[in-house]
Number of protein chains: 2
Amino acid sequence: MDDESQIPPGDTALRLRKTALELFARHGYAAVSMRQIAGEVGVQVGALYNHISDKQALLYRLMAEHMVELLQAVAAADLPKEPLAALEGFTRFHIRHHAARPEAVFISYMELRNLSPENFALLEEQRQAYEARLRQILERGQAEGVMQIADARIATRAVIAMLTGITTWFRDGGGQSLAEVEEIYWEMVRRLVTR
Amino acid sequence: MDDESQIPPGDTALRLRKTALELFARHGYAAVSMRQIAGEVGVQVGALYNHISDKQALLYRLMAEHMVELLQAVAAADLPKEPLAALEGFTRFHIRHHAARPEAVFISYMELRNLSPENFALLEEQRQAYEARLRQILERGQAEGVMQIADARIATRAVIAMLTGITTWFRDGGGQSLAEVEEIYWEMVRRLVTR
DNA sequence: GTCTATACGCAGATAGAC
DNA sequence: GTCTATCTGCGTATAGAC
């Protein structure tokens, strides 16, 4: 169960980010010390500062990487034009992408308060860009008459909250496979936007 | 906008809990110091320890109070027997109750990691009791044939995640009134459980 | 119940040798 | 790039006077 062997030794910068991601997700940013990270990485504290300017920058880097990865991945998903098909694609994409990186998801939702105002604003912009992708699908569905939605902004938030919640309970090897979970949620999302 | 005047001076124990609730919600438990709390309350640090044994107990007390209040309130809501009416009642109750205390909701979802294992177990039990109330409504709806649900456990989590998400964006004086939000969400929840 | 004073350790971060 | 050593301040918590 000890996965230290999976971290390539020698690349301290990489080990640092991987270790910080795990520790921040498990204990929270403020509760994890640089000494603790150094201990897990296997170097002395001072050595960490060859790779990051300070602790805040480390947190921001982890969150920014997560958002960039998310935006690139959703763009690469190349969703269909037809609104209902696009919504299905988005739903399945969101579930798979988030279930694959629960630590980064956790941190990105929980540690926003620990960002400097500037760093927060940068990430908030990207978060809104992601949300806008879903909202535009719903608005197109509304316009084309294939979806019946009272308020597209609210429906967007409702769907994202519902889907992201999966990461709080889903574990590989639990009751359902991810494919089953995907089916169940897609059916719920489909109903949510159609009469 | 400074609501210090709303805190009755003289009752340090009460001011302590109210102040801690606000600060923990805004900055996170680990990021708030006892000195900071004392400063806001208007006493010296030592004085706080006349009212709590330690910081951890303070956090637990806030979260435990929130859960007790939630369970009492949902019991007092006296939901109808008929499953769809019960679901509507639950949905409206959950939205109103949570929207009225965003700080406590925030803390209860974000600071679970900072509880001792024993305190965590106690709260988790109460959280499950609350979840079970909704699940039983969905299971009755399934059994009576008025709801069509693939997996009641998952639908329970989906609905709660969706509804609780409201507290992350809803603000009094924003775009919609709470009554409007209630209507929109009830319609979404109703669709989610019916074909 | 609150005050002042303090114990004690750990926090983030840096300096300079190797 | 990493080490050892260290700076400086703040963290939680307690003691004892009033």
Side-chain angles (χ1 to χ4, degrees), chain A residues 4 7-64 107 110-120, chain B residues 4 7-63 107 110-111 113-120:
Chain A
E4 257 184 295
I7 312 172
D11 192 338
T12 299
L14 185 63
R15 288 168 60 85
L16 166 56
R17 289 200 296 279
K18 191 176 162 66
T19 303
L21 190 74
E22 287 167 7
L23 290 177
F24 289 169
R26 184 147 59 239
H27 306 291
Y29 169 77
V32 173
S33 71
M34 296 302 286
R35 291 180 214 270
Q36 207 177 331
I37 296 172
E40 289 275 318
V41 171
V43 296
Q44 294 301 313
V45 200
L48 297 182
Y49 290 87
N50 290 317
H51 306 282
I52 47 152
S53 58
D54 57 23
K55 195 188 176 189
Q56 161 76 203
L58 174 57
L59 175 63
Y60 175 69
R61 165 119 196 220
L62 295 177
M63 294 174 76
I107 291 175
M110 309 276 263
E111 305 296 356
L112 287 167
R113 294 171 302 183
N114 289 303
L115 289 172
S116 68
E118 305 78 38
N119 285 344
F120 177 83
Chain B
E4 256 185 294
I7 311 174
D11 192 339
T12 300
L14 186 64
R15 289 168 60 86
L16 166 55
R17 289 200 296 279
K18 191 174 161 67
T19 302
L21 190 75
E22 287 166 7
L23 290 177
F24 289 169
R26 185 148 58 243
H27 307 292
Y29 169 77
V32 173
S33 72
M34 296 302 286
R35 288 184 217 271
Q36 208 177 330
I37 295 172
E40 290 275 318
V41 171
V43 296
Q44 294 301 312
V45 200
L48 298 182
Y49 290 87
N50 291 316
H51 306 281
I52 47 152
S53 58
D54 57 22
K55 196 188 177 189
Q56 161 76 205
L58 175 57
L59 175 63
Y60 175 69
R61 165 118 196 220
L62 295 177
M63 295 174 75
I107 291 175
M110 309 277 262
E111 305 296 356
R113 293 172 303 185
N114 289 304
L115 290 171
S116 68
E118 304 78 38
N119 286 344
F120 177 83

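Comparing A:Q56 and B:V45 against DNA chain C, the residue whose closest nucleotide sits nearer the 5' end is B:V45.
For A:Q44 and D:dT4, the shortest distance from a side-chain N or O to OP1 or OP2 is below 4.0 Å. Contact check, B:S33 against D:dC10: no side-chain N or O comes under 4.0 Å of OP1 or OP2.
Not a single donor-acceptor pair under 3.5 Å links the side chain of A:R26 to the backbone N or O of B:R113. Side chain of B:Y29 to backbone of B:M110: no donor-acceptor contact under 3.5 angstrom is found.
Note: CD1 (A:I37) to P (C:dC10) measures 17 Å, nearest angstrom. Following rounding to the nearest Å, A:R35 (CZ) and C:dG9 (C1') show an atom-to-atom distance of 10 Å. Following rounding to the nearest Å, A:L59 (CG) and C:dG12 (C1') show an atom-to-atom distance of 15 Å. Atom P of nucleotide C:dA13 and atom CD1 of A:I52 are separated by 7 Å, given to the nearest angstrom. The nearest whole Å value for the distance from the OH atom in A:Y49 to the P atom in D:dA5 is 19 Å. Taking atom CG of residue B:L23 and atom P of nucleotide D:dT12, one finds them 12 Å apart after rounding to whole Å. Distance, A:D54 CG to C:dA13 P: 5 Å, rounded to whole Å. Residue A:L16 contributes atom CG, which lies 15 Å from atom C1' of C:dA13 at whole-angstrom precision.
Annotation: the span from A:L48 atom CG to A:K55 atom NZ amounts to 11.5 Å, rounded to 0.5 Å. In this structure, the separation between CE on B:M63 and CG on B:L21 is 11.0 Å, given to the nearest 0.5 Å.
Ranking D:dA13, D:dC3, C:dA13 by closeness to the A:A47 side chain, first place goes to D:dC3.
As judged by a 4.0 angstrom heavy-atom cut-off over every strand, A:V32 is placed among residues touching the sugar-phosphate backbone only.
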